[in-house]
Number of protein chains: 2
Amino acid sequence: MTMQQMEGAARPAGRPRSEKAEKAIIEAALDILGEGSGVSELSIEAIAARAGVGKTTIYRRWTNKEDLVVDALASLKPPIPPLKGASVRDDLVAYLQVVRSESIHVRTRCIMNIAMSQSDRHPRVAERFHEIAIKPRQAAVRAVLERGMANGELRADLDVEMAMAILSGTMMWRTKWSSDDDLPADLAERIVDEALRGFRPG
Amino acid sequence: MTMQQMEGAARPAGRPRSEKAEKAIIEAALDILGEGSGVSELSIEAIAARAGVGKTTIYRRWTNKEDLVVDALASLKPPIPPLKGASVRDDLVAYLQVVRSESIHVRTRCIMNIAMSQSDRHPRVAERFHEIAIKPRQAAVRAVLERGMANGELRADLDVEMAMAILSGTMMWRTKWSSDDDLPADLAERIVDEALRGFRPG
DNA sequence: TCGATACGCAACGGTCGCGTTTCATAATAT
DNA sequence: ATATTATGAAACGCGACCGTTGCGTATCGA
């Protein structure tokens, strides 16, 4: 018995799959989605062409488009900002500023659109996106709010879910229905200040 | 000179276009969009088939799909609720309840999705939708808020645009990321009450 | 070296929707 | 009646992708 055979994932014979190709495929898919295509307009041929890869190489790894998109979304590491500022206000402003700055980049914008608009048609994709990109952020915001409730910066009876919806929803609404350039620079601060007015004790 | 010739739109000779066909086409288009298709997946052939109409009849009236969709969206009469209640709170609750109830119907939901997600790819469509479905509602809400500011129910220095974004954005966020059934029945009231906490004077 | 597997590439037959045309028929003005 | 335009149906050639296959080459383990 050789060392190799003892390894957990008994390596099959023959040429191993190219990791580079795999990354190129996922990157190409995200790229095309980032240009505004919906999931159904995303064609395997286009992905293969852009990735510089044969269609075979794609079909060998994923049996359908949805699985590919799910993996692609999963590869998006959401850059959660630290949020360990001095005050609840600072943390929330920092968070919403990240959201705002992302909404300006076309790629982020389109991928967000996909996740939001195709939840009926492609529930698995939307669910995965929610898991990857939304939940961790919501958890971070929730931590900030709960910290504030604990130390008295916020009302003790604050409805945390509602507060999170107010913060994220307001920013989303503004970024949706505005052209990029008429988003005021201090939008994050203004949203937080307006929201906090109702979140504070008293 | 006959009466007919004196009419504003000098009726051309020959068989007139069928109004019924026109309505059937638009209805079919909305129907398919309401099932979750994006604009680009919406095929003329499918519209014709569902409307019980020849493709000729469609191509004779619209030169491209976008124009058809624009007209279809324009045919959506937004049922703006009256909003003449006793208080700002009552009006806002009534408004958000309409929004909430619409978000449950698949058709409304999908058409909303289209307008929101395809603004990059089909700006004319999104713009038209905004004109038809968003602006009048926002105007109604703005009127309620301004009335409240005038009679002292709301702070005199309230940022009206921000307040509208908070109300609509929060409801949208909740309806987006929730399955229909875990939307609490009193969601509208809870959003309004939470928001008003910061909108009131003092 | 040899067997096995993956690679990029090109071609296959098949489906779908495109936008156009033709056809027989229907509806309207003169 | 006759001229004119619209209608639904069917068929056209065209191009985009589909998912599969065969090809020669590259990369691995034994």
Closest to the side chain of A/Arg61, out of D/dT7, C/dG8, C/dC7, is C/dC7
Output a table of donor-acceptor pairs, distance under 3.5 Å, between side-chain atoms of residues 68-83 of chain B and any protein atom two or more places apart or on a different chain; print 'none' if there are none.
from    : atom 1 : to      : atom 2 : distance (Å)
B/Asp71 : OD2    : B/Trp62 : NE1    : 2.8
B/Ser75 : OG     : B/Ala72 : O      : 2.7

What integer distance in Å separates A/Ile44:CD1 from D/dG19:P?
6 Å
Using whole Å, what does the distance between atom C1' of nucleotide C/dG19 and atom OH of B/Tyr59 come to?
5 Å
Donor-acceptor list for residues 33-40 of chain B side chains, cut-off 3.5 Å, not counting sequence neighbours:
from    : atom 1 : to       : atom 2 : distance (Å)
B/Glu35 : OE1    : B/Arg50  : NH2    : 3.3
B/Glu35 : OE2    : B/Arg50  : NH1    : 2.9
B/Ser37 : OG     : A/Arg121 : NH2    : 3.3
B/Ser40 : OG     : A/Glu41  : OE1    : 3.0
B/Ser40 : OG     : A/Glu41  : OE2    : 3.1

Interatomic distance, B/Ile32 CD1 vs C/dC16 P [rounded to whole Å]
15 Å
Expressed as a whole number of angstroms, how long is the span from B/Glu41:CD to D/dC17:P?
14 Å
Say whether, by atom type as modelled, one donor and one acceptor occur between the side chain of A/Ser101 and the main chain of A/Val98 under 3.5 angstrom.
yes
Check: A/Ser117 and B/Met116 side chains under 4.5 Å, non-hydrogen atoms:
no
Is it the case that C/dA6 (base atoms only) and A/Arg15 (side chain only) share a donor and an acceptor within less than 3.5 Å, ignoring hydrogens and angles?
yes
Is the shortest side-chain N/O distance from B/Ser18 to OP1 or OP2 of D/dA6 below 4.0 Å?
no
Would you say the side chain of A/Thr56 and the base of C/dC9 hold a donor-acceptor pair, judged only by whether the two atoms sit under 3.5 Å apart?
yes
Let's test your reading of the model: under 3.5 Å, does the base of D/dG19 pair with the side chain of A/Lys55 as donor and acceptor?
yes
Starting at atom CG of A/Leu68, determine the distance to atom P of D/dG19, rounded to an integer number of angstrom.
12 Å
Earlier contact from the 5' end, DNA chain D, for B/Gly14 and B/Ala21
B/Gly14
Comparing A/Ala51 and B/Thr63 on DNA chain C - which has the more 5′ nearest nucleotide
A/Ala51
Donor-acceptor pair present, B/Arg17 side chain and D/dA6 base, under 3.5 Å:
no
Would B/Asn64 and B/Glu66 count as a side chain to side chain donor-acceptor pair (under 3.5 Å) if you check the C-alpha gap in whole Å, the side-chain angles of each, and the deciding distance to 0.1 Å?
CA-CA 6 Å; B/Asn64 62 65; B/Glu66 269 204 10; over 6 Å; no
Using the side-chain heavy atoms of B/Val53, tell me which of these nucleotides is nearest: D/dC17, D/dT4, D/dG8.
D/dG8
Mind calculating the distance between CG (A/Asn64) and C1' (D/dC18) to the nearest angstrom?
14 Å
What is the distance, to the nearest angstrom, from the CD1 atom on A/Ile58 to the C1' atom on C/dA10?
16 Å
Without decimals, in angstroms, what is the distance between B/Glu45 CD and D/dC12 P?
14 Å
